[in-house]
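One structure is given here, and the rest of the page talks about it.
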Amino acid sequence: MKLTPQERAARRDSFRRMSAADKFDHIYTYYKLPILLLVTALAFVGYTVYRQVTKKDVVLYAAYLNISVGDDLNAQLSEGFITAAGLNPKKNEVYLYQTLYISDDPAQEYLQYAYASNLKLLAAISAEQLDVVLMNREAYDRLSRNGYLLELPDLPDNSLYSVLEPRLTENWDALDLSGFPLFQSAGFSDTVYLGVIRNSPRLPAVMQYTAYLADGA
């Protein structure tokens with residue numbers, strides 16, 4: 001119902017004479033839905049702007065399979081590479097899939113975790129969002145057997161071949177990292193291998209990453 005000018009003036013005068021608590025209660029009672037919608041809209045806009053400002057470009061996707069990596073080595077395998085490549089770590093990143101576990105015969109208590117890890121791994125490969133895998137022997141055997149790994153002599157730049165050749169596995173599709181400086185003192189009880197996913201669209205970055213790991217080897 002449309003109010004007359006006199007009624008509107010009376011309501012304004014009544015509102016001015018309310019206490020602060022009554023004013024808050026009045027506003028909340030009659031305008032809570034528009035206020036909620038406004039706050040929601042502002043929060044969405046703010047989050048979108050924040051995501052755009054802080055979003056980083058992924059230079060390389062990597063995964064840890066069946067291995068646990070300490071904080072120091074983890075930083076060297078991610079931020080360390082970005083810095084060594086001359087890129088801004090505030091704008092670029094190595095995206096890491098951490099603590100994935102796959103096995104042909106997982107223990108009962110790890111069965112569900114292994115199933116979820118396998119699904120995540122296959123989804124990342126299918127979406128071309130996985131380039132490099134750091135893994136133990138069990139994970140390497142499984143990925144090699146299933147044809148997920150690129151034969152490393154097929155990499156587009158073979159300038160590192162003389163360094164990498166002695167460390168190639170028997171199938172030529174992974175590197176034994178135990179002699180690489182970053183891994184010699186990392187405390188791994190078993191050999192850690194590096195494999196390159198066959199359908200990786202970022203092979204130049206893979207070569208840079210491999211050169212970074214091999215530096216000093």
Transitive ILVMFWY side-chain link Tyr101 to Leu130, under 4.5 Å: no
Pairing residues for Asp71 by the side-chain contact (heavy atoms from CB on, under 4.5 Å) criterion, not counting sequence neighbours: none
Spacing of CG belonging to Leu177 relative to CD belonging to Gln184, to within rounding of 0.5 Å: 11.0 Å
Pair Asn136-Phe188, side chain to side chain contact (heavy atoms under 4.5 Å, CB included): steps then yes or no: CA-CA 10 Å; Asn136 71 351; Phe188 291 106; over 6 Å; no
Donor-acceptor pair, side chain of Asp176 and main chain of Thr169, under 3.5 angstrom: no
Listed partners of Asp104 passing side-chain contact (heavy atoms from CB on, under 4.5 Å), at least two apart: Arg142, Arg145
Neighbour count above 12 (heavy atom, 6.0 Å) for Asn199 CG: yes
Gap separating the CG atom of Leu152 from the CD atom of Glu165, nearest 0.5 angstrom: 11.5 Å
Could you pull out every donor-acceptor pair under 3.5 Å between side chains of residues 120-129 and any protein atom, sequence neighbours left out?
none

Min side-chain heavy-atom separation Val58-Glu93 under 4.5 Å: yes
Hphob cluster co-occupancy, Val132 + Ile102, side-chain heavy atoms under 4.5 angstrom: no
CA sep, side-chain torsions, deciding dist, call: Phe180, Leu194, side chain to side chain contact (heavy atoms under 4.5 Å, CB included): CA-CA 11 Å; Phe180 283 34; Leu194 177 146; over 6 Å; no
Gap separating the CG atom of Leu203 from the CG atom of Asp131, nearest 0.5 angstrom: 8.0 Å
Residues, nucleotides or ligands: over 12 heavy atoms within 6.0 Å of Gln112 CD: no
N/O donor-acceptor pair under 3.5 Å between Arg198 side chain and Gly147 backbone: yes
Residues Tyr148, Val133; criterion side chain to side chain contact (heavy atoms under 4.5 Å, CB included); working and verdict: CA-CA 11 Å; Tyr148 292 128; Val133 180; over 6 Å; no
hydrophobic_cluster_shared for Val196 and Leu77, side chain cutoff 4.5 Å: yes
ILVMFWY network linking Tyr61 to Leu150, side-chain heavy atoms under 4.5 angstrom: no
Minimum heavy-atom distance between Thr83 and Pro89, given as atom pair plus value: OG1-CG, 4.4 Å
Sidechain-backbone polar pair: Asn92 side chain, Asn88 backbone, donor-acceptor under 3.5 Å: yes
Test item: Leu149 and Met135 side chains (from C-beta on) under 4.5 Å apart, heavy atoms: yes
Validation row: Leu60, Gln208 side chains within 4.5 angstrom (heavy atoms): no
Interatomic distance, Ser78 atom OG to Leu96 atom CG [nearest 0.5 angstrom]: 5.5 Å
Aromatic plane relationship, Tyr97 with Tyr95 - under 30° parallel, 30 to 60° tilted, over 60° perpendicular: perpendicular
Value rounded to 0.5 Å, distance of CG in Leu65 from OG in Ser117: 8.0 Å
Single-linkage hydrophobic cluster, 4.5 Å side-chain cutoff, Tyr64 and Tyr193 together: no
Separation of Leu175 CG from Tyr140 OH (nearest 0.5 Å): 10.0 Å
